[in-house]
Amino acid sequence: MNKKLIFVMVLLFTISLGFSQTKKELKAQKAEKQAEADAAQSEADALQAQIDALPGWRVGAFGVIGGSLSNFNNWYAQGVPNNSSGNIGFTVNGYANLIEDKFFWRNSLNTNLSWVKLDNKDVDTDSDNFEPTTDVFNISSLYGRKLNEKLAASGLMEFRTTLLDNFNDPGYLDVGVGATWTPIENLIVVIHPLNYNFVFTDNDDVFESSLGAKIVADYTRKVGKINFKTNLSVFQSYKSGDLSNATWTNSFSYTLWKRIGVGFDFALRSNKQEALNYAIAQLPADFTGEAPTFDNVDNDLQSYYTIGLTYKF
């Protein structure tokens, strides 16, 4: 009996030792292959950098998709026990840049659209449709003739409006000329002291076009699985600070598997004309007090963010 027990213990120890050796050998082989893969990836990245430096078109896009749906029946713990709700949103950041030895032509698109629904099944008067909430559309085109490696004489056209609601009311079209500076790779700084801000709207009492200066700073970069873009667009009116505006947008995505990943979009905006237009629109028909003006309106900072899955186009 003892001999059998000793034999079994020796056998189990031998098998365990064999598995341990096999595991160590497999880990060593994996480390060796991983080192080869890392070296190959470094060479591929170096070749891609050389390709990116060549004259020609650079085209790309990435976006964020976020949403949720829910349905409740007789869920008495909440104030509205029977309801269905949901929100859907997506952003798209795209670019098409032509880079040549003596000139460049940079085009970009940014859009952020979302809808939300809250349907109280016990009330017949509320809406059961998805209603638009976030509504942002921005497209720009920058052309420049290079004076040297970092400085160029340039012209910019930028158009910004909404798509889902009140299209082009208001809408903004900036057209100007000046200089573009590229101090480091992937950073574009536009300084146009001669720029006209066209404003399209049905409310001429609040919105007004004017001449001013346009400043744009854009940093777009891809590092491995990370896509990152930040853009600051500022218009400073020469006529009045009330006609100035500024928008700062940020997009970040990380690829998890193939073209799918996670992402985050965030933006801040200041526009006193929009704040005044909104304040006037909220007044009741029988309002008799002091009407909002540029002098007394609260120009609160506007913001939005979107978190969700991303897809790299």
Subject >> Distance-only side-chain donor-acceptor flag, Asn299 / Ser270, under 3.5 Å >> reply: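 The criterion, which ignores hydrogens and geometry beyond distance, is satisfied for Ser270 and Asn299.
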Subject >> Between Asn71 and Ser84, a side-chain donor and acceptor under 3.5 Å >> reply: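 Their side chains do not contain a donor-acceptor pair, so the 3.5 Å distance test is not met.
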Original post:
Linking Ile, Leu, Val, Met, Phe, Trp and Tyr by side-chain heavy atoms under 4.5 Å, what else ends up with Ile99?
Top reply: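 Listed partners: Phe104, Leu142, Leu156, Ile188, Val190, Val216.
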Quick check for you: to the nearest 0.5 Å, what is the distance between [X] atom [atom1] and [Y] atom [atom2]?
X	Y	atom1	atom2	result
Leu268	Ser303	CG	OG	6.0 Å
Phe130	Leu118	CZ	CG	11.0 Å
Leu109	Asn138	CG	CG	8.0 Å
Thr182	Asp218	OG1	CG	12.5 Å
Asp169	Asn203	CG	CG	8.0 Å
Glu274	Gln302	CD	CD	5.0 Å

Please check this pair: side chain of [X] against backbone of [Y], looking for a donor-acceptor N/O pair closer than 3.5 Å.
X	Y	result
Ser114	Thr134	yes
Asn112	Val136	no
Asn195	Lys214	no
Asn129	Glu131	no
Lys239	Ser209	no
Lys150	Trp181	no

Original post:
Can Thr247 and Ser233 be said to form a side chain to side chain donor-acceptor pair (under 3.5 Å), step by step?
Top reply: CA-CA 5 Å; Thr247 304; Ser233 179; over 6 Å; no
**OP:** Could you check Val234, Asp174, Asn197 and say which one makes a side chain to side chain contact (heavy atoms under 4.5 Å, CB included) with Asn245?
**Re:**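 The single option meeting the side chain to side chain contact (heavy atoms under 4.5 Å, CB included) with Asn245 is Asn197.
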Original post:
Does the side chain to side chain donor-acceptor pair (under 3.5 Å) test come out yes or no for Asn110 and Asn93, once each step is laid out?
Top reply: CA-CA 5 Å; Asn110 171 259; Asn93 293 281; 2.8 Å; yes
Contacts table for residues 59-67: side-chain donor-acceptor under 3.5 angstrom, sequence neighbours left out:
none

Would you say the side chain of [Y] lies within less than 4.5 Å of the side chain of [X], judging by non-hydrogen atoms?
X	Y	value
Phe137	Leu113	no
Phe72	Pro81	no
Ile280	Leu276	yes
Leu163	Pro132	no
Phe264	Asn250	no

Heavy-atom count around [X] [atom1] within 6.0 Å, excluding the residue itself: above 12?
X	atom1	value
Glu36	CD	yes
Arg145	CZ	yes
Tyr254	OH	no
Trp257	CH2	no

**OP:** Kindly give the heavy-atom pair with the smallest separation between Phe252 and Asp265, and that separation in Å.
**Re:**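 Heavy atoms of Phe252 and Asp265 come nearest at N-OD1, 4.5 Å.
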Original post:
Going only through I, L, V, M, F, W and Y residues with side-chain contacts under 4.5 Å, is there a path from Leu211 to Val199?
Top reply: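 No: no chain of side-chain contacts under 4.5 Å links Leu211 to Val199.
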Original post:
Does Tyr172 have Arg269 sitting over its ring (NZ/CZ under 6.0 Å from centre, angle to axis within 45°)?
Top reply: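 Output yes; distance and angle both within limits.
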